Q: 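Sharing a structure below in structure tokens format, with a few things to ask.
Nothing here was measured: the structure is a model prediction, and the numbers come from that model. The sequence lines fix the lettering, A, B, ..., with proteins before strands; numbering per chain opens at 1.
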Number of protein chains: 2
Amino acid sequence: MKAKEMMDKEFIYVSKDDSIEKVSIKMEESKRFTAPVLDENMKLEGWITSFNITKGLREGKTLISEVMDPVENILSIKEDEAAKNTVIEISKHKLISVPIINDDNQVIGVSRSVDVVDSMSSLYDIKVSKIYKAMEKELRGVSWDELMEASAKISTRTTGVKITAEEYEKNIQKSTFGEAIWATGGLEKFFAGLISVGEIVIARKVGRARR
Amino acid sequence: MKAKEMMDKEFIYVSKDDSIEKVSIKMEESKRFTAPVLDENMKLEGWITSFNITKGLREGKTLISEVMDPVENILSIKEDEAAKNTVIEISKHKLISVPIINDDNQVIGVSRSVDVVDSMSSLYDIKVSKIYKAMEKELRGVSWDELMEASAKISTRTTGVKITAEEYEKNIQKSTFGEAIWATGGLEKFFAGLISVGEIVIARKVGRARR
């Protein structure tokens with residue numbers, strides 16, 4: 001995934017000659033706490049957050065140019081960089097948003113922390129049953145029912161709560177990868193469970209092949 | 001993971017009798033775009049964002065009570081709810097933060113979208129080698145070298161680029177789960193690769209046991 005695929009599609013931008021009052025209304029109406037300050041060629045000249053605005057209003061300033069953060073302080077991400085870099089920068093510097101720029105240094109969008117949450121939670125939202133479908137497809141010669149039986153067995157062993165293959169199947173239709181990770185206590189434990197299931201069904205498959 | 005484990009530890013809160021000017025300075029200094037308005041028992045009475053502040057300053061209002069969002073419009077999360085619920089609410093309503101409350105309806109913290117990004121990116125940041133360590137531990141009787149050899153084989157087959165077991169081992173020491181998912185093209189494909197590896201080593205293990 002590239003940086004440009006994880007952007008605020010309705011980002012706002014302002015000019016350094018705009019009045020602070022006008023910009024404050026624009027930010028309130030669009031519900032944006034930050035905005036890049038761009039020149040007529042869409043190049044970055046500065047950065048505005050609600051903090052620059054409240055300070056400017058309090059101190060009786062009038063123009064964005066009087067309150068904006070200078071361009072040299074602004075961290076930006078190139079549109080074709082890995083989206084992961086946006087995540088890392090936002091997380092490391094506790095940023096609420098970063099501008100995304102093209103090769104001509106024009107701002108083409110803004111990635112907000114809420115956009116990152118959106119993208120990441122869609123990963124979490126993959127149904128566990130989809131992972132099992134991938135497993136079934138990969139393990140030619142192992143049936144879906146065998147996978148469910150093995151999983152119910154491992155689940156019963158790990159949790160101490162008896163569960164049937166049918167109940168297990170119902171659970172994974174509903175639950176997501178995110179829920180599974182939180183439920184099992186982490187990514188490695190989730191994998192360990194899947195690997196135990198794999199071990200059972202593969203051992204059976206190998207056994208059948210040797211008969 | 002519970003909601004209370006994913007909170008802003010330095011959250012700020014204000015009183016409805018505070019002046020807008022004083023609160024605006026507090027928000028600028030602490031770099032917080034939002035704050036719960038609490039009574040003397042830490043119970044929620046309202047909610048403030050930078051938008052309420054800029055509007056108030058522009059319109060010459062003086063007290064927080066004149067500009068705050070009323071308590072009935074505020075979505076909150078109970079401290080013992082799954083952290084996942086915070087993620088879902090922030091993502092669904094594009095919130096920048098939500099208050100976390102205890103059983104007595106007292107606000108004990110605020111979860112911001114940047115806190116969510118932080119927690120989620122720590123999942124992404126797990127080294128792939130850790131997942132392999134879990135695999136090695138689970139698959140008693142399969143050695144680390146066998147895992148690396150099988151993985152190099154699957155990787156060569158999938159990508160068409162020849163890689164040795166040693167090179168593969170070096171790669172997974174550096175790369176994270178997040179990178180692996182982006183590199184393989186998604187969670188299911190990453191799993192499918194791991195399962196193919198599992199199939200090779202388990203088949204060998206079963207073969208040895210039968211000898």
Side-chain angles (χ1 to χ4, degrees), chain A residues 1 21 24-25 27-28 31 33 49-51 53-55 57-58 82-84 87-88 90-91 94-96 112-114 116-118 120-124 126 130-131 133-135 137-139 176-179 181-182 186-189 191-196 198-199 202-203 205-207 210, chain B residues 1 21 24-25 27-28 31 33 49-51 53-55 57-58 82-84 87-88 90-91 94-96 112-114 116-118 120-124 126 130-131 133-135 137-139 176-179 181-182 186-189 191-196 198-199 202-203 205-207 210:
Chain A
M1 194 193 239
E21 211 171 298
S24 75
I25 296 169
M27 289 168 82
E28 287 161 25
K31 293 189 186 297
F33 290 105
T49 71
S50 291
F51 307 135
I53 301 293
T54 51
K55 190 159 189 284
L57 287 172
R58 224 174 40 236
K84 174 178 68 76
V87 179
I88 290 170
I90 284 183
S91 175
K94 297 269 175 197
L95 300 171
I96 185 163
R112 297 167 299 167
S113 51
V114 281
V116 175
V117 171
D118 243 17
M120 286 184 139
S121 63
S122 65
L123 163 73
Y124 274 70
I126 288 178
K130 266 192 112 175
I131 296 169
K133 285 281 173 204
M135 211 162 158
K137 203 180 149 202
E138 201 61 30
L139 295 171
T176 65
F177 177 60
E179 288 166 334
I181 286 182
W182 268 305
L187 190 62
E188 298 109 296
K189 287 190 186 153
F191 271 95
L194 271 192
I195 292 161
S196 307
E199 192 167 10
I202 292 166
K205 180 185 158 182
V206 173
R210 291 185 171 238
Chain B
M1 194 193 239
E21 212 170 297
S24 75
I25 295 169
M27 290 168 82
E28 287 161 27
K31 293 190 186 298
F33 291 106
T49 71
S50 290
F51 307 133
I53 301 291
T54 52
K55 191 160 189 283
L57 287 172
R58 226 177 34 239
K84 173 179 69 77
V87 179
I88 290 170
I90 284 183
S91 175
K94 297 271 175 197
L95 300 172
I96 185 162
R112 297 167 300 167
S113 51
V114 281
V116 175
V117 171
D118 245 16
M120 287 185 142
S121 62
S122 66
L123 162 72
Y124 273 72
I126 288 178
K130 266 193 114 174
I131 295 169
K133 286 281 172 203
M135 211 162 158
K137 203 179 149 201
E138 200 62 31
L139 294 171
T176 63
F177 177 60
E179 288 166 335
I181 286 183
W182 268 305
L187 190 63
E188 298 109 296
K189 286 190 185 151
F191 271 96
L194 271 192
I195 291 160
S196 307
E199 191 166 12
I202 293 166
K205 179 186 160 181
V206 174
R210 291 185 172 237

Q: If you tally heavy-atom pairs under 4.5 Å against chain B, which of A:T54, A:I96, A:I53, A:V116 wins?
A: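 Ranked by contacts with chain B, first place is A:T54.
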Q: For a quick test of reading the model, state the closest non-hydrogen atom pair linking A:R58 to B:S24 and the distance between them.
A: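 That closest heavy-atom pairing would be NH1-OG, 2.7 Å.
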Q: Looking at A:G193, A:S196, A:G198, which has the largest count of heavy-atom pairs under 4.5 Å with chain B?
A: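 Among A:G193, A:S196, A:G198, the one with the most close pairs to chain B is A:S196.
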Q: Given side chains that start at C-beta, do those of A:V117 and B:V117 come closer than 4.5 Å, heavy atoms only?
A: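 A side-chain contact exists here, since the closest heavy-atom pair is under 4.5 Å.
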Q: Tell me, out of B:I25, B:I90, B:L194, who's got the most heavy-atom pairs with chain A below 4.5 Å.
A: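 Most pairs with chain A among the choices: B:I25.
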Q: Atom CZ of B:R112 and atom OG of A:S113: how far apart are they, to the nearest 0.5 Å?
A: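 These two atoms lie 9.0 Å from each other.
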Q: If we define contacts as heavy-atom pairs under 4.5 Å, which of A:A203, A:S91, A:A134 has the most with chain B?
A: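 Among the listed options, the one with the most contacts to chain B is A:S91.
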Q: Suppose we screen for side chain to side chain contact (heavy atoms under 4.5 Å, CB included). Which residues come up paired with A:K133, at least two apart in sequence or across chains?
A: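 With sequence neighbours excluded, A:K133 shows a side chain to side chain contact (heavy atoms under 4.5 Å, CB included) to A:E136, A:W144, given in chain and number order.
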Q: Could you give the distance from CD1 (B:I88) to OG1 (A:T176), rounded to the nearest 0.5 Å?
A: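 That separation rounds to 7.5 Å.
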Q: Measuring only between side-chain heavy atoms, which start at C-beta, is A:E199 closer than 4.5 Å to B:K205?
A: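 Yes, close enough: below the 4.5 Å cut-off.
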Q: Name the member of B:E28, B:K94, B:M27 that forms the most heavy-atom pairs with chain A at distances under 4.5 Å.
A: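 Looking at each of B:E28, B:K94, B:M27 in turn, B:E28 comes out on top.
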Q: Classify the angle between the aromatic ring planes of A:F33 and B:F51 as parallel (below 30°), tilted (30 to 60°) or perpendicular (above 60°).
A: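 The arrangement is parallel - the two ring planes meet at less than 30°.
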Q: If I take atom CD1 from residue B:I202 and atom CD1 from residue A:I202, how far apart are they, to the nearest 0.5 angstrom?
A: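 Spacing of CD1 (B:I202) from CD1 (A:I202) equals 4.0 Å.
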